[in-house]
Amino acid sequence: MMASGYSAKEEDGHLPGASGAAGSGVAKSKKPDNTAFKQQRLPAWQPILTAGTVLPAFFVIGLIFIPIGIGLYVTSNNIKEFEIDYTGADMSSPCFNCSQSSSWNSTWPCRCSIAFTLDQPFESNVFMYYGLSNFYQNHRRYVKSRDDSQLNGDKSSLKNPSKECEPYRTSDNKPIAPCGAIANSLFNDTLELFYIDPNGTRTQIPLMKKGIAWWTDKHVKFRNPGGTNLNLSTVFQGTAKPVNWHKSVYELDADLENNGFINEDFIVWMRTAALPTFRKLYRIIQKKSNMTPTLPRGNYTLDITYNYPVLSFEGRKRMILSTISWMGGKNPFLGLAYITVGSVCFFLGVVLLIIHHKYGNRNNSADIPN
Amino acid sequence: MIGSVFYFSISPEEERKVRANDREYNEKFQYANNCIMTSKYNIITFLPVNLFEQFQEVANTYFLFLLILQLIPQISSLSWFTTIVPLVLVLSITAVKDATDDYFRHKSDNQVNNRQSQVLINGTLQNEKWMNVRVGDIIRLENNQFVAADLLLLSSSEPHGLCYIETAELDGETNMKVRQSLPVTSELGDPNSLAQFDGEVICEPPNNKLDRFCGTLYWRENKYGLSNQNMLLRGCVLRNTESCYGLVIFAGPDTKLMQNSGRTKFKRTSIDRLMNTLVLWIFGFLVCMGVILAIGNAVWEKEVGFLFQSYLPWDPPVDNFLFSAFLAFWSYVIILNTVVPISLYVSVEVIRLGHSYFINWDRRMFCQRRNTPAEARTTTLNEELGQVEYIFSDKTGTLTQNIMTFNKCSINGHAYGEWEMSRAQRLDFSFNPLADRDFCFYDQNLLDSVKLGEPAVHEFFRLLSLCHTVMSEEKSEGELMYKAQSPDEGALVTAARNFGFVFRSRTPSTVTVQELGRSVTYALLAILDFNNIRKRMSVIVRNPEGKIRLYCKGADTLLFERLHPCNHDLMNVTSDHLNEYAADGLRTLVLAYRDLSEQQWEDWAERRRSAERAADYREDRLAAAYEEIEQDMMLLGATAIEDKLQEGVPETIAILSLANIKIWVLTGDKQETAVNIGYSCKMLTDDMSEVFIINGHTVQRVREELSGEQGGWHPQQEEKPQQGSPPAPALPSLLDSISGEYALVISGHSLAHALEADMEREFLDTACACKAVICCRVTPLQKALVVELVKKHKKAVTLAIGDGANDVSMIKTAHIGVGISGQEGIQAVLASDYSFSQFRFLQRLLLVHGRWSYLRMCRFLCYFFYKNFAFTMVHFWFGFFCGFSAQTVYDQYFITLYNIVYTSLPVLAMGIFDQDVPEQRSLEYPKLYEPGQLNLLFNKREFFICIAQGIYTSVVLFCVPYGVLSQATRNDGIPLADYQTFAVTVATSLVIVVSVQIALDTGYWTAINHFFVWGSLGAYFTILFAMHSNILFSIFPNQFHFFGSAQNTLIQPVVWLTIALATVVCIVPVLAFRFLKLDLKPQLSDTVGLSVF
């Protein structure tokens, strides 16, 4: 298409019309300009892979990657993590009964508690996660089933949610707030942690439920309709709660700063996971003093208000406790990967060096055949 | 020529009837008026017509189909704009280009249509615009005006109804031609009598043959035959004629000029064809992946999705997993379509356009003398210039300068012009005031013979001064200028002029010659003109004494057959001379005359008149009549004209042969001349073991000769049927015959047999085994057949180079046609793909531009497929983790912009500017050209390597972030495994990896490459942050879901560590592999490249 157009243009010069000027007058020189660009002589840097550049690069990569990897690996190993599966799929599990009876429309909450022991104290701030497995938060239809406009506090979207929310768009002819499959499947187990003193007293560990979502989500992306100072129940009047929910969106928390769309548990859930096995931050246990560890060694129980059915799709639920470092949580993969890649590079460098010395073509211009 | 012409006629015209001065009558036939429209569109039709044309491209239709798929909500895995933005961009780039082209066409159309011409309306001359001129109008032309339409010349201001025209616009020939009106109409000199003219012309329908016209004028109960001699064609310019009148026969789109402006066949390169095959394969691959993922979807929906319905119910129309899988297939077709990016074809065109401009801009292919730069007339073939294996070259004007000098002659058995270098002295022509001062001759004997008054010598030069079609122009007394249609003629007439037989002037019925100072006027009775079949021309003149004589000059083979038997001895002597001349590489003509009696002339003239009047087969009948009179001629002698080799031809041929390019010379010259030129341009050398000459006249003979040549490689059969064989070898040893070099010379009549279906294979095998092939005495059609033969049986790229009209068929047949803009007009240039004015520029075109173009295009394609596979295949791997739901890995804006913004410009810059070795090196080491001929840089194997690399990269790009992020948390405890963080990490890694890869691939970093590579990275981050910014989100919260992701993700050290890891894992194997290849098996280009630094 372009080619033919180009030649047509060139040839227009031969039209009788265009040649009026050409017919008379002295033709000026058509010699092309002597510019570096037109003569393809632009100054240029011509990198060439030589032993002198490639081999050092391999060694340098190796030498940079191995220490980083070791650092990452050590850091990761210093992080304490504790994980417990509380799905109750096993007969032996305390939550077995709950897991069998729970369904979305069960009216009274089922409770169970699981005892566990921490062998090592958790020193700094401890982060408490819930983890789900085999839960496809990254399914295309799931991911798109939300209305960010509604969640951003747009009043018209509140009353008329996006079509993407189908089939969780309306309920009893009332718009659902928040609409869509993601919101509808909000994780609604309640987890509580108790420390059992050696003398047998249960002390509830204070769990902080703020600061678990992205700042931008909490303050910009998610907003209640009509600002913060209004009574949320009136704002949400005329909307229905998502069908799986036990309470309305404005009853999620008593704290006005953590209620409605800006409830952080809700925000965390709405940030969908990339993979079918994922964890989400649930609570933060803050370090109280420098003297005592946040979670001392000893026995604990996890009290669960078991609402969230996962067995129907062979899902699993976990509770995770973890400390973090500058690079985040426990992540042995990154450190190991860096060590491996660094070593491979270094090794490759050595091998290439040997090959180069034994068989390599080092005499450059001597033997150019002509 | 001119862009295609659109006009619609109701039914094909069978003959045209035109009545002068009768618009009403002519309107009945609805002939096209003189308004031309080369433009395709107007403002209203532009959009629909242009879109319609563009959607005829398969690629565009395919993307339209994707767009429609995306509008179905159940299928749509991507927003509609991911397809429409690139599609609209591509369509609008093309549309803008088309519109610009069309605008210029409109402009030139308007200018042409609004030219003024004088039309005779109701007996008075009125100024009318060209577009208002109708068929049947009589218009008046003045000197130096363009002819407005195809006119029948009625009368002119010059005597005998003559007028002169220049046809440069039409056929590129710059000499003037003469046209003459019918004697009956030439008296109609003034508007009044012309207004009374009511003749009717019946003639052939519009056609594109510039050199013939067939029609009849009916006027006053009489019939008059019309030929091309009576026509003034649109596009010509009237010269040396005060004014003339003409009747419009064809107007506007029907004129021969416009009929000739058809578009030539579209040539495609082998890379193009390969690319199309690969694109089809990729489509197949796409469908396979779609099927695999759809099966995965079916299994997943059955095993998992079915149970997961409490959280994620199926979309309403979906009621079972099979239907879901069906939809998933289409969804995946949509998201995986980026393996065949819409920008591929546009980018390829842009790169080729760039390369074409580089050719146009090359100062080293600029010819100072002719003031012509090289020109890439087609932009679609550049990379094929880097793959040429066979060059078919014309000789005259291509290898030689086509500047003829009268060098030797043989008169009445006496050879003149032999001279020794040492005592060479330029002849002094001062006795002749009309002599051309540039003319050189060195043999005093000839001048003495003229001065002594030898009758044969006088007759010889008299013939030269009479028998030609040269026009003379005498600006002032004694300042003669000759305008010759062919340089040979000019040289001959000039020679006669210097030896005292000065052609002064001609009228249609007389020729005036100054014979040794005495002015003689001959009555010109007939001109039996030259053509490629006759290969001779004759004139019949009556001298002042009343004697009628036919003078003939032509090719020796044809003339010797037509001589009177009594010439036998003279013929033998002359023939020896001719062989000598030919051996010196001279072009020869034989001259002869015949005396005619009054009766003979009368009889013949009558036969000729009847032939001329014949309605059908007029040309054949005329040729037969000519044949009749050109008999029993008396031999006068022969001329030898030297055609010097062009500058740098032997060097160019040597370099091209070193580059493993085989050069075949196809020439119309005779064998000896051709062989000689072969020696002088080093195609044939004395070192050659054998030069085979095939000269047989019968099928059997040619077959024997051909198999004889093949046998020639075995020592036991060294008997060769050959004539006048140059260096005849003595029984070559077996070793010699295997390693030795051979050359083949074949003549036209043998070639005719060799090209027959049963022998062509044998001929080709023999020819290809030879180092040089020369075909002499070939017709234009044979030239094309030879090219076609090689094209058909050898999977090689052919290039034809020539300068004359006889090379046009060959130029059009070959993969690449090169026209030499030289002496012989511009038909060859018009038919060619590339043109320049010196043969030696060919080495630069092939070894520098062609080589680079090929290299760049290959590197471009490799990288382009790589980057798209790396980009797209990530979706495939992600499919296994997202329930085969066709969820994309990236943000939809990233998908939209990846191909058109983030990665397009660096690879374009590489495709346009890359160089592996400096240009002078590719001329110093012609072997560097070989990878192109062997198609090493981009073939199916290379393609699979690119694809494999792309797939490897996609695996790394998916697995490394997966491995790291699935467990990682930020340093404030929030997990990093959310979808948006993952998407941003993978996308950023991808952009960085492909940028590093292009950095590795780019061998020549100009400032532009730096700008584009760094600029693309910069653009990526800028756009990323803009897309994820507060501002866009607050305006369209439902469109920019990724708000905040960039800020939150890219401040995490873990993310950067992941990106660095992915990049290193992707690049290190490539680096190691390339280094090993370079170190252990360096290509010539690598070694040459290295030695530069």
Side-chain angles (χ1 to χ4, degrees), chain A residues 1-3 5-9 11-12 15-18 30-32 38 40 42 44-46 49 54 127 136 138-140 142-143 148-149 152 167 181 185 214 216 221 271-275 278-279 281 312-313 324 326-329 331 333-334 337 341 345 348 356 359-361 364-365 368, chain B residues 1-3 94 97 101 104 108 111-112 146 235 307-308 311-313 349 361 363 366 371 373 377-380 881-883 885-887 963-964 966-971 973-975 977-979 982 1004-1006 1037-1038 1041 1043-1044 1048 1054 1061 1064 1072 1074-1075 1078-1080 1082 1087 1090-1091:
Chain A
M1 38 192 181
M2 298 186 91
Y6 165 81
S7 53
K9 185 179 150 199
E11 287 150 16
D12 278 347
L15 268 175
K30 293 178 191 158
K31 188 161 187 169
K38 288 189 173 183
Q40 306 196 61
L42 283 178
W45 171 56
Q46 288 175 275
L49 299 179
V54 176
F127 294 81
Y136 284 81
N138 59 0
H139 196 282
R140 179 169 60 85
Y142 189 85
V143 171
D148 275 348
S149 192
N152 193 233
S185 55
W214 285 12
T216 46
K221 196 171 184 181
R271 179 152 289 279
T272 54
L275 298 158
F278 58 88
R279 62 168 76 167
L281 187 55
S312 62
F313 58 92
I324 60 165
W326 61 270
M327 52 148 291
N331 193 359
F333 177 86
L334 193 60
V341 171
C345 275
L348 258 179
H356 178 65
Y359 312 103
N361 186 301
N364 290 331
S365 52
I368 298 173
Chain B
M1 287 211 172
I2 291 104
T94 316
K97 216 185 136 28
D101 287 349
F104 287 110
S108 84
Q111 195 209 336
V112 172
F146 277 102
L307 303 171
F308 198 55
Y311 292 97
L312 184 62
E349 296 289 348
W361 286 334
R363 281 164 79 87
F366 173 78
N371 194 20
R377 300 174 46 81
T378 26
T379 58
T380 51
F881 294 86
C882 69
S885 59
Q887 173 63 22
V964 176
S966 60
Q967 308 171 46
T969 59
R970 297 160 33 135
N971 51 14
I974 299 171
D978 68 286
Y979 167 70
F982 187 75
Y1004 193 76
W1005 283 80
T1006 64
N1038 261 341
H1041 302 293
F1043 159 69
N1048 279 295
V1054 174
L1061 182 67
V1064 166
R1074 293 212 176 160
F1075 173 72
L1078 199 71
D1079 206 39
L1080 300 180
T1087 343
L1090 274 176
S1091 67

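In the text below, chain A, chain B and the rest are named by the order of the sequence lines, each starting its count at 1.
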A.B. asks: For a quick test of reading the model, state the closest non-hydrogen atom pair linking A:Trp326 to B:Asn971 and the distance between them.
C.D. replies: O-CB, 3.3 Å
A.B. asks: What part of B:Ala886 lies closer than 4.5 angstrom to a heavy atom of chain A: side chain, backbone, both or neither?
C.D. replies: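 Interface part for B:Ala886: both.
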A.B. asks: With A:Arg279, which residues qualify under salt bridge (Lys or Arg N to Asp or Glu O under 4.0 Å), at least two apart?
C.D. replies: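 A:Arg279 satisfies salt bridge (Lys or Arg N to Asp or Glu O under 4.0 Å) with A:Glu81 once adjacent residues are dropped.
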A.B. asks: Of the non-hydrogen atoms in A:Asn331 and B:Gly963, which two are nearest, and what is the gap between them?
C.D. replies: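 Taking every non-hydrogen atom into account, OD1-O, 4.5 Å.
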A.B. asks: Rounded to the nearest 0.5 Å, what separation is found between the CZ atom of B:Phe881 and the NE2 atom of A:His139?
C.D. replies: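 These two atoms lie 15.0 Å from each other.
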A.B. asks: I want to know whether A:Tyr142 and B:Tyr311 have ring centres closer than 6.0 Å.
C.D. replies: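 That pair fails the under 6.0 Å test.
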A.B. asks: Return the minimal non-hydrogen interatomic distance between A:Lys31 and B:Asn371, and the atom names on each side.
C.D. replies: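 Where A:Lys31 meets B:Asn371 most closely, the heavy atoms are N-OD1, 4.2 Å.
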A.B. asks: Where is the tightest heavy-atom contact between A:Ala337 and B:Leu1061, given as atom of each residue plus distance?
C.D. replies: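 Minimum heavy-atom separation between A:Ala337 and B:Leu1061: CB-CD2, 3.5 Å.
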A.B. asks: Do you know which of B:Phe982, B:Phe1043, B:Trp1005 has the most heavy-atom pairs with chain A at a distance under 4.5 angstrom?
C.D. replies: B:Trp1005
A.B. asks: So do A:Ser312 and B:Leu307 actually touch side chain to side chain, heavy atoms under 4.5 Å?
C.D. replies: no
A.B. asks: Over all heavy atoms of both residues, which pair between A:Tyr136 and B:Cys882 is shortest? Give the atoms and the distance, please.
C.D. replies: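 Where A:Tyr136 meets B:Cys882 most closely, the heavy atoms are CD2-C, 3.9 Å.
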A.B. asks: Nearest 0.5 Å, please: how far is CG in B:Asp1079 from NE2 in A:His356?
C.D. replies: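 With rounding to 0.5 Å, NE2 (A:His356) is 5.0 Å from CG (B:Asp1079).
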A.B. asks: Rounded to the nearest 0.5 Å, how far apart are CG of A:Asn138 and OH of B:Tyr979?
C.D. replies: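 The OH atom of B:Tyr979 is 9.0 Å from CG of A:Asn138, to the nearest 0.5 Å.
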A.B. asks: Quick check: do A:Phe278 and B:Pro975 have side-chain heavy atoms less than 4.5 Å from each other?
C.D. replies: no
A.B. asks: Could you give the distance from CD (B:Gln967) to CG (A:Leu275), rounded to the nearest 0.5 Å?
C.D. replies: 11.0 Å
A.B. asks: With only heavy atoms counted, which part of A:Phe313 is less than 4.5 Å from chain B, the side chain, the backbone, both or neither?
C.D. replies: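 Contact with chain B: backbone and side chain both.
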A.B. asks: I'd like to know if the side chain of B:Asn1038 and the backbone of A:Asp148 have a donor-acceptor N/O pair within less than 3.5 Å.
C.D. replies: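 Between the backbone of A:Asp148 and the side chain of B:Asn1038 there is a qualifying donor-acceptor contact (under 3.5 Å).
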A.B. asks: Quick check on B:Val964 against chain A: is it the side chain, the backbone, both or neither that has a heavy atom closer than 4.5 Å?
C.D. replies: both
A.B. asks: Report the C-alpha separation of B:Asp978 and A:Thr272 in whole Å, then their side-chain angles, then the decisive distance to 0.1 Å, and conclude whether the side chain to side chain donor-acceptor pair (under 3.5 Å) test is met.
C.D. replies: CA-CA 6 Å; B:Asp978 68 286; A:Thr272 54; over 6 Å; no
A.B. asks: Would you say the side-chain atoms of A:Lys221 pair up with the backbone N or O of B:His1041, donor to acceptor, closer than 3.5 Å?
C.D. replies: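 Side chain of A:Lys221 to backbone of B:His1041, a donor-acceptor pair under 3.5 Å: yes, one is there.
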A.B. asks: Heavy atoms, side chains only, cut-off 4.5 Å: are A:Trp214 and B:Arg970 in contact?
C.D. replies: yes
A.B. asks: So, for A:Gly329 and B:Thr969, which heavy atoms are closest and what is the spacing to 0.1 Å?
C.D. replies: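 Distance-wise, the nearest heavy atoms are N-OG1, 2.5 Å.
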A.B. asks: Would you please name every residue forming a salt bridge (Lys or Arg N to Asp or Glu O under 4.0 Å) with B:Arg363, sequence neighbours left out?
C.D. replies: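 By the salt bridge (Lys or Arg N to Asp or Glu O under 4.0 Å) rule, B:Arg363 matches no residue at all.
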A.B. asks: Does any heavy atom of chain B fall under 4.5 Å from the side chain of A:Leu42, the backbone, both, or neither of them?
C.D. replies: both
